Asks: 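One structure follows; several queries about it will come next.
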Amino acid sequence: MITVRARLSFAIVIVIVIAAALALAGLVVAGTFRPSHVAAASAYVPGRPVPTQTGAAGIPVLVYHEMDNRCAAAAPVCNAPDPESVSKAQFTSQMNYLRAQGYHTVTLAQYLNWLADPAAVLPRKPILLTVDNGIGNFLEGAQPILARDGYTMTAFVVTGFADGASGICKPPQRIAGRPVNVQPGCGRDNYGWDLTWKQLRGLSPRVYSFALEAGASGHFPQTYSRTCPYFYPCRVPGETTRAYQARVTSEISSGLAELAARLPGRVNTHAWVVPYSALGYRPCHGPYCTPQPSTGPRGWLPRYAAARFSAVFVEDAFRNGVQHERFRFDVSGPLTEAAFQARLQALITASSFAR
């Protein structure tokens, strides 16, 4: 038989438990917990079905480059001399935020299918994660973080970087009657950042798929012009229009062929990342706008890229949806977590990733 005192004690305990639960819920609602704590409750569970949707208005696209390059892995903000590097803690926090917000990654194939079909079935709150260049510190450092949440990422590869890391160096070529070193510093200036072809093949297929950023020469700044140093939009002095177009199309075609041959079964050939975002259209002004030096035939490169690829990724928000061009949010090291979240939300609100 329970006494009155025991009943009162039991009631007090119940009240305390309920109060604690309400306080805990208040902390979560108020955002007192850090994103990592929130994300832990929604971590990826193998075999759990992913909720789907149709008719997505937009898919955010993020791009990364390097990790822990001259900043501590535990740094919440990577204020390194190279702004393209994030820290491991920074990247982890960003992925925790995406997971806590309910985002699900899509593959490049799913993204391209959505561009072709507005009613394509997609995971709820889809997002496309990408990384450029083929730099090992990011690809290897991010892999376990992505795998933890079942996230996928498309790695856009520069075949010239992977060649150089693998000891495959191309000799200078004669273009427009002059010698041009199409793969500057190969071997000698490779600092061990880039993964070899063997290392790229060793990355988890559950996390990474591949596409083209540049072929053997397309990402190396060239020396034939001080004002227009880029391979794709810049003509070699004395080069005819026909010779220029043949050089660019050959470089892209050979890059696609090498990528598919060295990473069989894991390459999507229907998208291209434009190195330095330099397509050669008129210079623009304002945020998310990249200077456009060009001496090639006016308008030819954007038209060629649109005819060749279903998606041409650039860093110019005002070009999203123009001639198959697609805007990507370049996540830089100096971004705080709050700035990352605010900027991503602002871009989504502004329809910067719309079809």
Side-chain angles (χ1 to χ4, degrees), residues 25 28-29 31 33-64 86 88 90-131 138-156 203-211 263 265-271 273 310-311 313 320 326-329 331 337 340-341 343-345 347-349 351-355:
V28 174
V29 171
F33 284 162
R34 293 180 179 178
S36 59
H37 293 160
V38 176
S42 56
Y44 170 67
V45 178
R48 176 179 293 176
V50 175
T52 59
Q53 67 175 50
T54 58
I59 299 180
V61 185
L62 310 187
V63 57
Y64 293 87
V86 295
K88 185 172 292 185
Q90 194 173 14
F91 180 73
T92 302
S93 183
Q94 291 166 1
M95 295 303 103
N96 287 344
Y97 169 75
L98 295 180
R99 173 57 69 187
Q101 294 299 306
Y103 283 101
H104 298 89
T105 56
V106 295
T107 64
L108 181 57
Q110 288 175 301
Y111 181 85
L112 297 178
N113 186 47
W114 167 73
L115 290 179
D117 178 9
V121 177
L122 293 167
R124 191 174 300 167
K125 295 196 73 171
I127 191 167
L128 177 65
L129 301 180
T130 69
V131 55
F138 185 92
L139 291 169
E140 294 176 335
Q143 180 167 274
I145 301 167
L146 295 165
R148 175 201 64 181
D149 288 331
Y151 275 0
T152 61
M153 178 173 272
T154 300
F156 286 93
L203 294 172
S204 171
R206 294 188 177 185
V207 175
Y208 291 111
S209 60
F210 303 100
L263 301 170
R266 299 177 64 181
V267 175
N268 191 310
T269 60
H270 301 288
V273 162
S310 300
F313 289 104
N320 187 68
R326 307 302 305 174
F327 169 65
R328 295 187 302 167
F329 171 25
V331 183
E337 177 63 23
F340 166 79
Q341 296 177 15
R343 193 165 300 180
L344 176 59
Q345 188 54 53
L347 288 168
I348 294 171
T349 301
S351 299
S352 298
F353 306 108
R355 286 187 73 258

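These numbers come from the heavy atoms of this one structure, side chains and all, not from hydrogens, waters or symmetry mates. Note that the coordinates shown come from a computational prediction; the quantities given were computed from them, not determined experimentally.
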Asks: Within a strict 4.5 Å, meaning less than it, do heavy atoms of the Arg355 and Pro118 side chains meet?
Replies: yes

Asks: Under the side chain to side chain contact (heavy atoms under 4.5 Å, CB included) test, which residues partner Ser310, sequence neighbours left out?
Replies: Leu112, His270

Asks: Could you go step by step and tell me if Glu337 and Gln341 meet the side chain to side chain donor-acceptor pair (under 3.5 Å) rule?
Replies: CA-CA 6 Å; Glu337 177 63 23; Gln341 296 177 15; 2.7 Å; yes

Asks: For the atom pair CD1 (Ile145) and CE (Met95), what is the distance rounded to the nearest 0.5 Å?
Replies: 8.5 Å

Asks: Using side-chain heavy atoms (C-beta onward) and a distance below 4.5 Å, is Val267 in contact with Phe210?
Replies: yes

Asks: Using 30° and 60° as the class boundaries, would you call the ring planes of Phe329 and Phe340 parallel, tilted or perpendicular?
Replies: parallel

Asks: First locate atom OG1 of Thr92, then atom CG of Leu146, and finally report the distance between them rounded to the nearest 0.5 Å.
Replies: 9.0 Å

Asks: Indicate the atoms forming the closest heavy-atom contact of Ala56 with Pro126, along with that distance.
Replies: CB-CG, 4.4 Å

Asks: Please check if the side chain of Thr105 supplies one atom and the backbone of Thr152 the other of a donor-acceptor pair under 3.5 Å.
Replies: yes

Asks: State the CG-OG distance between Leu203 and Ser209, to the nearest 0.5 angstrom.
Replies: 11.0 Å

Asks: Among Val273, Val63, Leu62, whose side-chain contact (heavy atoms from CB on, under 4.5 Å) with Thr130 holds?
Replies: Val63

Asks: Would a distance-only check, ignoring hydrogens and angles, find a side-chain to backbone donor-acceptor pair under 3.5 Å from Lys125 to Gln101?
Replies: yes

Asks: For Arg206, which residues count as a side chain to side chain contact (heavy atoms under 4.5 Å, CB included) partner, sequence neighbours excluded?
Replies: Ser204

Asks: Looking at every heavy atom in both Leu115 and Ala311, which two are closest together, and how far apart are they?
Replies: CD1-CB, 4.0 Å

Asks: Looking at CG of Asn320 and CZ of Phe353, how far apart are the two atoms once the value is rounded to the nearest 0.5 Å?
Replies: 8.0 Å

Asks: Taking the side chain as C-beta and beyond, is there a heavy-atom pair between Leu128 and Arg328 under 4.5 Å?
Replies: no

Asks: Determine the minimum heavy-atom distance between Ala155 and Leu139, stating which atoms define it.
Replies: CB-CD2, 4.0 Å

Asks: Counting distance only, does the side-chain N/O of Arg266 pair as donor-acceptor with the main-chain N or O of Tyr208 below 3.5 Å?
Replies: yes

Asks: Under the salt bridge (Lys or Arg N to Asp or Glu O under 4.0 Å) rule, collect the residues that match up with Arg326, sequence neighbours excluded.
Replies: none

Asks: If you take all heavy atoms of Pro123 and Gln110, which pair is closest and at what distance?
Replies: CD-NE2, 4.1 Å

Asks: Is there side-chain contact between Thr52 and His104, with at least one heavy-atom pair below 4.5 Å?
Replies: no

Asks: Name the orientation class of the two ring planes belonging to Tyr64 and Phe91 (parallel below 30°, tilted from 30 to 60°, perpendicular beyond 60°).
Replies: perpendicular

Asks: Taking atom OG1 of Thr54 and atom CZ of Arg124, what is their separation to the nearest 0.5 Å?
Replies: 11.0 Å

Asks: Relative to the ring of Tyr111, is the ring of Trp114 parallel (under 30°), tilted (30 to 60°) or perpendicular (over 60°)?
Replies: tilted

Asks: Quick check for you: to the nearest 0.5 Å, what is the distance between Leu122 atom CG and Ile127 atom CD1?
Replies: 13.0 Å

Asks: Search all heavy atoms of Leu108 against all heavy atoms of Ala271 and return the closest pair with its distance.
Replies: CD2-CB, 3.9 Å

Asks: Taking Leu129 as the fixed residue, which of Val61, Val331, Leu98, Val106 is the one that meets the side-chain contact (heavy atoms from CB on, under 4.5 Å) rule?
Replies: Leu98

